[in-house]
Each structure stands twice: as structure tokens, then as C-alpha cells.
There are 2 protein chains.
Amino acid sequence: MMVKITDVARRAGVSPSTVSYALSGKRPISDETKRRVEAAIRELGYRPHAGARALASSRSNVLALVIPLRAGIHVPVVMQFAVSVVTSARRHDHDVLLLTQEEGEDGLRRVADAALVDALIVMDVQLRDPRLPLLRSLDRPSVMIGFPLESEGLTCVDLDFKAAGELCVERLAGLGHRVVALVGSPPEVYVRGTAFAQRVVQGFTAAAHRSALASSVHPCEATPAAARRLAERLLREHPALTGVVVHNEAVLEPLIDAFEQLGLRVPADLSVTAICPDETAAALRVPVTSVALPSAELGERAVELLMQKLTGTAVPQETLLAPHLTERASTAPRLA
Amino acid sequence: MMVKITDVARRAGVSPSTVSYALSGKRPISDETKRRVEAAIRELGYRPHAGARALASSRSNVLALVIPLRAGIHVPVVMQFAVSVVTSARRHDHDVLLLTQEEGEDGLRRVADAALVDALIVMDVQLRDPRLPLLRSLDRPSVMIGFPLESEGLTCVDLDFKAAGELCVERLAGLGHRVVALVGSPPEVYVRGTAFAQRVVQGFTAAAHRSALASSVHPCEATPAAARRLAERLLREHPALTGVVVHNEAVLEPLIDAFEQLGLRVPADLSVTAICPDETAAALRVPVTSVALPSAELGERAVELLMQKLTGTAVPQETLLAPHLTERASTAPRLA
DNA sequence: CTGAAAGCGCTAACAT
DNA sequence: ATGTTAGCGCTTTCAG
């Protein structure tokens, strides 16, 4: 039934260890021998037993990926990230074990201690994430997506949200806009302390200052009704407003709809930039100029960092991905 | 560093095998002994080595989940399904390895032959899926989400899409509507032979016939523009139309928008029912009466079926989940 | 009800 | 450049 390494060795006329080394490349094998081993493997359809391997080498070649479930996270982004992690992991001959946030810290400890996985990727890290001490205590490397308050001894990677906020403002400033507003994530996102939301605010505010723009910040629930109310309020309280930065994919469309129903044309009367996945930005009725949320690139970087750590290479504690802005139909120069 | 079963055994004053049996329950252990073993496990923080276990027992306690990537599949549905599979698997003490469709048949063979997983769940099965013969040939059980043309020797589970189509029509018929249309998936979905799309058409058509309704079927691209064009065409070619069944989440909102802009009020002039996730239906501007796409339930059933197969229990070759319709704001009796 | 001991299939010293 | 062999940590006969 099952072909084992000794079967391959016998067929190739070599010892089991030679087969093992031919497979791993951990010591030089003559071309001739390698050829014979490879032939035997092919002919017998040999596939090393993962468990046996893990036991003997203390490497499972499996990464854990912890995905978030909570409200306010954008599902397609998570999915794209997960797919990217799987794809990247496979390029490094690793597989991916899927865990949900729900399992919590116990889940992390479980798969790490059982040697089920060699390393972990944790998404949606909070400023004071309870998993931080755990990750530090594990004997396996990990990478976090997102920045906690204190990342000492850990590795994290994320889009540079501060720079993204700045980029959006600078674009609007460059087009001549003088009064701008940030439509942010739902209030609870700020309350529970998600770093990226606050970083956007910092970048937005700092850049507005530098460019001497009048600016204001407005968290917004992820509902069309909330978007509508906010649009009305903005027009009432900031009549000179001509530029909006949106960091909340759920309200992007309803917000633009609301503005237009209130008599403002996008981009003629109002320019809009957003921080969101490119697909979202491009699929809207009015395609929106946006800074991409590079989930695929993030997944790739996370895996790459883990692979380095697994080989003992030192990696930077914090990795920030530079933001990229794509011009679309929602921005225009301010009318004189 | 690592606590092993012999450490626990020594501490508890028993043999390793007793610890093993206390953990697995595969043979009776006296209460007193079990207590001591459990105490030792807790005190030492013992966690069985997954690889060693897999090697000795030829059970990895890991399931493979293959998720689709292609266009036209609704991401949140896949995600919810995946989460449900992970959650259900954990209840049965199993973990989930995530594979992408991209890896194809080789990926399935790889994880199965390497004994990385005990069983497989394959999503998005096509009518003539190339993975069918492979799944039949593997020595590990599998469950497919969706129905192929020929499921002999395999196990599949899905929503009863035919009944779902019928249910939508019957609801409209019951409200007095006499002329109905089905707005379906994009043409390529039918072309590549996805069973569920065709089953909806079958159910829709059959039920319309039984209720003596005038009916027509219209595939639709997943873009707002296509939705708009289709709405115009429907009004032009079927002026007496008062009931629409939508099986295409992407165009649900734009379609209703288009109808309203063309002067039809929903539900006053036009009743709409849909087959889509409940969250989608409920979140729309006009909450839509819908048959739920029960991804969570599907995931649970898939895992349950696999667990049965793993214990050697026979399971039905095909499992159809009964559709459930939830009344919302998009349906009303036809005006006399 | 419990122990002793033989592997599970592979890797990685240790040999030569 | 290759072979020999001792485990890796656990489960599961086989014995009692």
C-alpha cells in the first residue's frame, strides 16, 4: 500500500539515508545516484510520510494562519490575504493550517506545543493584544499583521497607514483643495484600539497641517444610513468642503451616493480618495482614486519573514509597506 | 524543553501506554489512575507531539479544505464556509489544512499520500470535475460541496437548489404574480457546468409551469451596467412582469436600483425574491425576501459526514439541504 | 485494569 | 560520496 523510503532505496540500489539526502539536498549526491533515486521515486510514486518527517526532523513544514472573525473587518481582504499566504507558503514547500480567532490563545499554544506547526501568522493584531505575551513565550517564530503598541521581541508587518493617510491628503492638496475631511472606521474600531485606524488619522492630520488645509475627522458606522447622515452633517458644518478621504470601504458607495443626492457632483464639486482594496475602488459606480490595501503583498511578506526566521536569519522587528495611490475618476482639481 | 509521554508516565507513576490510553479512552482506566494521569498532564503542561501521533496511529487529525478562487464565486460565502469547517472540525478534535483550487489535483494527491490529512473537503465541484477520478482513487475519504454529474462512489452535499428555485416561484405565485423572470448567474457559470446554477433554473421553470405562470430565464453578468441593461430589457420585453427571482448576489442591489429608476417600486409594483446569503439579503436598502445560502450549515454537515466516514460508518451518497425562505420587504401581493 | 516492548517512517549523527 | 544505525514520541499489540 504505502511506499516507504526503504522501498525507494532498495529499488535505486542505495541506502535510505541517500534517498533522504537526495530529497533534502543536505549533503552532496553524485549526479548518477541522484538520477537513480529520482527514477525510483517516480516509478514507485513515493511520497514521504509527513508525520514521520515531522517526528524525525522536528519540522512539520506547516504554518498556522489565524484569521479574524469580528465585525468591521472586510471579508474579501482577509480571504485574499489567506490565499496569498497559502500560495506563498507553497512556494517554500510549506502548508497552511487555518485557525480562527475564536480559538484564542489556547489554539495558538495548542498547535505550537504539539509541534503541529513550525511558525505562526496572526492577523488583526490589536494595540494591546492579549496574544502578545503568548507569542513571545512560544518557542516558534511568528509574524503579526498589524502593529501593537509594543512589538519588542516580535515581528510585525502592515501597510504604512500613516503614509497612506498622508498620501491621500497630499493628493487632494495638490489638486488645490483647501478644506478636507476624513471619514473613518466605525467608532468601535478606534475604541478597541486598532493601530491602523489611528495611524490613518495621524497621517491625515499631519499632512493637512503641513499643507495648511482645514481638516476634520469623522468616524462612521458601516451602514448606508450612517453614511447619509454624515454626508448631510459634513455639508452643513463644513460648507467649504471639497475633499474627502474615506477609510471605510462599507460606506464608500453610499457616501458618494448621498453627496450626489445632496447636489454635489463627484469629482466636479467634491473629490474623494479612499484607502481600500483596489478591486473595491475600481468596481464602484464612480471609480475612486485610492491607496491600495495590498493584502496579497502582505501575505507574501509575512511568509517570507517567517521563512527567514525559520532559517535563523534576523529580520526587522517592524516592516511597513509603502502606500501606492492609483488615480481614478473621483478626483479633480478644485474649481477656481 | 519538550514534555513527553514518558515524563507524564513517570510523574503519574504509571506506564506510557496507560497515559496514552487515558488520553484516547481506547481501553478502560480506573478512576484513580485517570485522575493521577490528568494531574500529571496538567502539572507538566504535556501536549502530545502531533507528528509522533500521526506516525504511530496513521491518523493526523487534520482535514484538507480546498477553496475555489475563480471569478463568479462569492467570497463571503466561501469564507463563512471555511470558518464553519474549522469550527466544526475543532469540535471533533481535528484541524484544517487550507488548500487552494490552484494547486489542483496534485495538491490533493500530495496531502493525501503524505498522510498530512485524514480526509478532504472539496468546494465548488463542477459537473464534470477533473478531480472526481482522483478523489475516487485516494485511500482517504472526501466530501464534495456541490453535485457533479456522476457522484457514484463519492459523497456530496449542497443546498437543494432546485427546491430553492421552486420555493421562490411558489412564494411569488402565492402572492398572485402571474409573470415572473429569473435573473441568473453570469453566462460563464452555466457554460462551465456548475450544477447549482442549472438546478435553480430547473426548479424555477418547473414551479412556474406547475403554477401556470409565464416565465423567462436571463443569465446576467455581475456588473451594475449589465443589471441596468437587463432591467430595461425585462420591462420592454415583459411588460406584465411583476415577479423576479434573483440568483446572483452581485447584481441584486443594482437591479433593484435600476427597476426603481425605471419607475417600478419594490415591492409595490414588483416583487423580488433571491437566493443568497441571509446577511446580503438583509443588508440591502430594500431587504430582500430570500432563500438562504446556508454556508455555515453546509460546512458543519460536510465535517460531520467526513467524521462518519472516518469511523467507517456508511453515509448517503448525496445530501440535499432543504431551502428556507425568509420573508422580507421586497415581496407583496400583486395589485389587482 | 495495567505494563513491556515492538514498531510507525524518516532524519541525522557517526562512520568510512 | 555513501552506508549504518540510533533515535524522534507515540500507539498498540501482546502479556499478565
Side-chain angles (χ1 to χ4, degrees), chain A residues 1-38 40-41 44-62 93 110-118 139, chain B residues 1-38 40-41 44-62 93 110-116 118 139 310:
Chain A
M1 189 76 232
M2 173 171 218
V3 181
K4 50 185 78 160
I5 200 169
T6 50
D7 300 328
V8 175
R10 194 174 323 116
R11 174 106 176 198
V14 298
S15 75
S17 65
T18 297
V19 176
S20 176
Y21 285 120
L23 239 33
S24 70
K26 288 189 182 172
R27 81 181 186 191
I29 301 284
S30 74
D31 283 358
E32 165 59 9
T33 304
K34 190 177 292 174
R35 241 195 6 73
R36 292 230 309 289
V37 169
E38 277 160 4
I41 289 177
L44 299 177
Y46 169 65
R47 206 78 78 155
H49 188 288
R53 243 181 184 183
L55 180 56
S57 68
S58 41
R59 280 301 183 106
S60 67
N61 274 35
V62 174
D93 195 32
R110 182 175 63 79
V111 296
D113 288 355
L116 193 47
V117 305
D118 296 335
D139 51 344
Chain B
M1 187 78 233
M2 174 173 216
V3 181
K4 48 184 79 158
I5 199 169
T6 50
D7 299 328
V8 175
R10 195 173 323 113
R11 173 106 176 197
V14 298
S15 75
S17 64
T18 297
V19 175
S20 176
Y21 284 120
L23 240 33
S24 69
K26 288 189 181 171
R27 83 179 184 189
I29 301 285
S30 74
D31 283 358
E32 165 59 9
T33 303
K34 189 178 291 172
R35 239 194 7 75
R36 293 229 308 289
V37 169
E38 277 161 3
I41 289 178
L44 298 176
Y46 169 65
R47 207 78 81 154
H49 187 289
R53 242 181 186 184
L55 179 55
S57 68
S58 39
R59 281 300 184 105
S60 67
N61 274 35
V62 174
D93 196 31
R110 183 175 62 79
V111 296
D113 287 356
L116 231 192
D118 296 334
D139 52 345
L310 281 172

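The sequence lines fix the lettering, A, B, ..., with proteins before strands; numbering per chain opens at 1.
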Take B/Arg36 and B/Glu32 through the test salt bridge (charged side-chain N to carboxylate O under 4.0 Å, His left out) and record every step on the way to the result. CA-CA 6 Å; B/Arg36 293 229 308 289; B/Glu32 165 59 9; 3.4 Å; yes
Ignoring the backbone of B/Ser15, work out which of D/dT2, C/dA4, C/dC1 is nearest its side chain.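 Nearest nucleotide to the side chain: C/dA4.
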Atom pairs and distances, donor-acceptor, side-chain atoms in residues 17-25 of chain A, under 3.5 Å, two or more places apart:
from, atom 1, to, atom 2, distance (Å)
A/Ser17, OG, A/Ser15, OG, 3.1
A/Thr18, OG1, A/Ser15, OG, 3.2
A/Ser24, OG, A/Ser20, O, 3.3
A/Ser24, OG, A/Lys26, N, 3.2

Whether each nucleotide of nucleotides 8-15 of chain D has a protein heavy atom under 4.0 Å at its base (B), only at its sugar-phosphate (S) or at neither (-) is summarised, 5' to 3', as BBBSBBB-
Minimum heavy-atom distance B/Ala54-B/Ser60, with the two atoms named: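 The pair with the smallest heavy-atom distance is CB-CA, 4.0 Å.
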Residue pairs meeting side chain to side chain donor-acceptor pair (under 3.5 Å), one or both in residues 2-11 of chain A, sequence neighbours left out, come to A/Arg11-A/Glu43
Please lay out, stage by stage, how B/Val3 and B/Val8 fare under the test side-chain contact (heavy atoms from CB on, under 4.5 Å). CA-CA 8 Å; B/Val3 181; B/Val8 175; 4.3 Å; yes
Are B/Thr33 and C/dT2 close enough that a side-chain N or O sits under 4.0 Å from OP1 or OP2? yes
Could I get the full list of side-chain hydrogen bond (donor to acceptor under 3.5 Å, both in side chains) partners for B/Ser30, not counting sequence neighbours?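 In terms of side-chain hydrogen bond (donor to acceptor under 3.5 Å, both in side chains), with neighbours along the sequence ignored, B/Ser30 is linked to B/Thr33.
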Holding to side-chain hydrogen bond (donor to acceptor under 3.5 Å, both in side chains), I want the full list of residues that pass it with B/Arg47, two or more places apart in sequence or in another chain.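 For B/Arg47 there are no side-chain hydrogen bond (donor to acceptor under 3.5 Å, both in side chains) partners, ignoring immediate neighbours.
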Bend across the helix from C/dC1-D/dG16 to C/dT16-D/dA1, to 10°, with axes taken over 5 pairs at each end? 30°
Tell me: CZ of B/Arg10 to C1' of C/dG3, nearest whole Å? 16 Å
Check whether any side-chain heavy atom of A/Asn61 sits under 4.5 Å from a side-chain heavy atom of A/Arg53, and report yes or no.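 Sidechains of A/Arg53 and A/Asn61: no contact.
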